[in-house]
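What follows is a single structure, written as structure tokens, with notes after it.
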Amino acid sequence: MRVHTRMDAILGPKRSFTPEGFLFCEDVPLARTGEQSYLPHELTGIPAGKDGLIRVERHAADVFSDTALASFVGKPVTDDHPEENLTPETWRDHGKGTILNPRRGSGEQADLMVGDLLIYDANAIKAIMDGKREISCGYTAEYEILGPGRARQFDIIGNHTALVSEGR
């Protein structure tokens with residue numbers, strides 16, 4: 001089952017400007033290993049547990065697979081999420097920057113896929129500088145149902161990373 005979903009994080013303190021005035025954000029979390037809880041409307045087709053939640057496991061082999069890492073290369077950064085995944089026909093309407101160098105983090109970030117964001121859009125740069133620093137990745141993935149309220153996520157394919165006022 002392939003489902004569009006999101007992973008939320010916060011832009012870190014490593015930010016600088018290029019000579020042209022673009023904003024370069026380093027070591028931004030894009031995805032993580034471990035368990036995340038979802039509401040039933042966020043993952044249709046997966047039955048919720050007795051507490052109404054779906055707990056999804058993400059294994060390191062899936063988050064850091066060559067395919068998952070490569071799928072985030074060059075994907076657009078948007079200001080808030082578009083209604084649907086971006087396509088060649090829609091990216092220009094939403095793109096404010098791009099994802100560069102997705103990789104496994106190191107040290108305290110070893111459980112994270114991190115990347116660098118290059119923000120081109122002046123309004124998006126201003127929003128970040130004014131405090132809009134949470135991000136939420138849009139991607140698709142396959143899910144293996146492990147039981148009521150439990151699933152495993154794999155075959156992660158990045159689509160975009162959105163700047164958001166408040167992650168979920």
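Heavy atoms only: backbone and side chains are in, while hydrogens, waters and symmetry mates are out.
- The two residues R104 and A110 make their nearest non-hydrogen contact at NE-O, 2.8 Å.
- Within a 6.0 Å radius of CG in D66, other residues, nucleotides and ligands contribute 12 heavy atoms or fewer.
- Under a hydrophobic-cluster definition in which Ile, Leu, Val, Met, Phe, Trp and Tyr are linked whenever side-chain heavy atoms come within less than 4.5 Å, directly or via other members, Y38 and I145 are assigned to the same cluster.
- Proximity of R15 to R133: side-chain heavy atoms (C-beta onward) are separated by under 4.5 Å at one or more points.
- Between K96 and D79, no side-chain nitrogen of the basic residue sits less than 4.0 Å from a carboxylate oxygen of the acidic one, so the salt-bridge criterion is not met.
- Counting heavy atoms from C-beta on, the side chains of L39 and L53 come closer than 4.5 Å.
- The pair R152-E144 meets the salt-bridge criterion, since a charged nitrogen lies less than 4.0 angstrom from a carboxylate oxygen.
- In this structure, CD1 in I99 is found 9.0 Å from NE2 in H160, a value given to the nearest 0.5 Å.
- Note on L30 and I128: same hydrophobic cluster, where clusters join Ile, Leu, Val, Met, Phe, Trp and Tyr whose side-chain heavy atoms are under 4.5 Å apart, directly or indirectly.
- Side-chain contact check for D27 versus D116: some heavy-atom pair is nearer than 4.5 Å.
- For the side-chain contact (heavy atoms from CB on, under 4.5 Å) test with E142, the passing option among I156, D155, D62 is D155; the others fail.
- A 4.5 Å side-chain heavy-atom check between Y139 and I157 finds every atom pair outside the cut-off.
- For R58 against R32, the heavy-atom pair with the smallest separation is CD-O, 3.1 Å.
- A pairwise comparison of heavy atoms in N101 and R103 identifies O-NH1, 2.6 Å as the closest pair.
- Looking at every heavy atom in both residues, S165 comes nearest to E134 through O-OE2, 3.9 Å.
- Remark: of the listed residues I46, L43, L146, L43 is the sole one forming a side-chain contact (heavy atoms from CB on, under 4.5 Å) with V56.
- When hydrophobic clusters are built by joining Ile, Leu, Val, Met, Phe, Trp and Tyr residues whose side-chain heavy atoms come closer than 4.5 Å, directly or via intermediates, L117 is grouped together with M129.
- To the nearest 0.5 Å, atom CD of residue Q153 and atom OG1 of residue T33 are 11.5 Å apart.
- By the criterion of side-chain heavy atoms lying less than 4.5 angstrom apart, applied directly or through intervening Ile, Leu, Val, Met, Phe, Trp or Tyr residues, I125 is not grouped with L118; the two fall into different hydrophobic clusters.
- Within the model, atoms CH2 of W91 and OG1 of T98 stand 9.0 Å from one another, a figure rounded to the nearest 0.5 Å.
- Interatomic distance, M113 CE to S65 OG, rounded to the nearest 0.5 Å: 7.0 Å.
- L86 is not connected to I135 by any chain of hydrophobic side-chain contacts under 4.5 Å among Ile, Leu, Val, Met, Phe, Trp and Tyr, and they are in different clusters.
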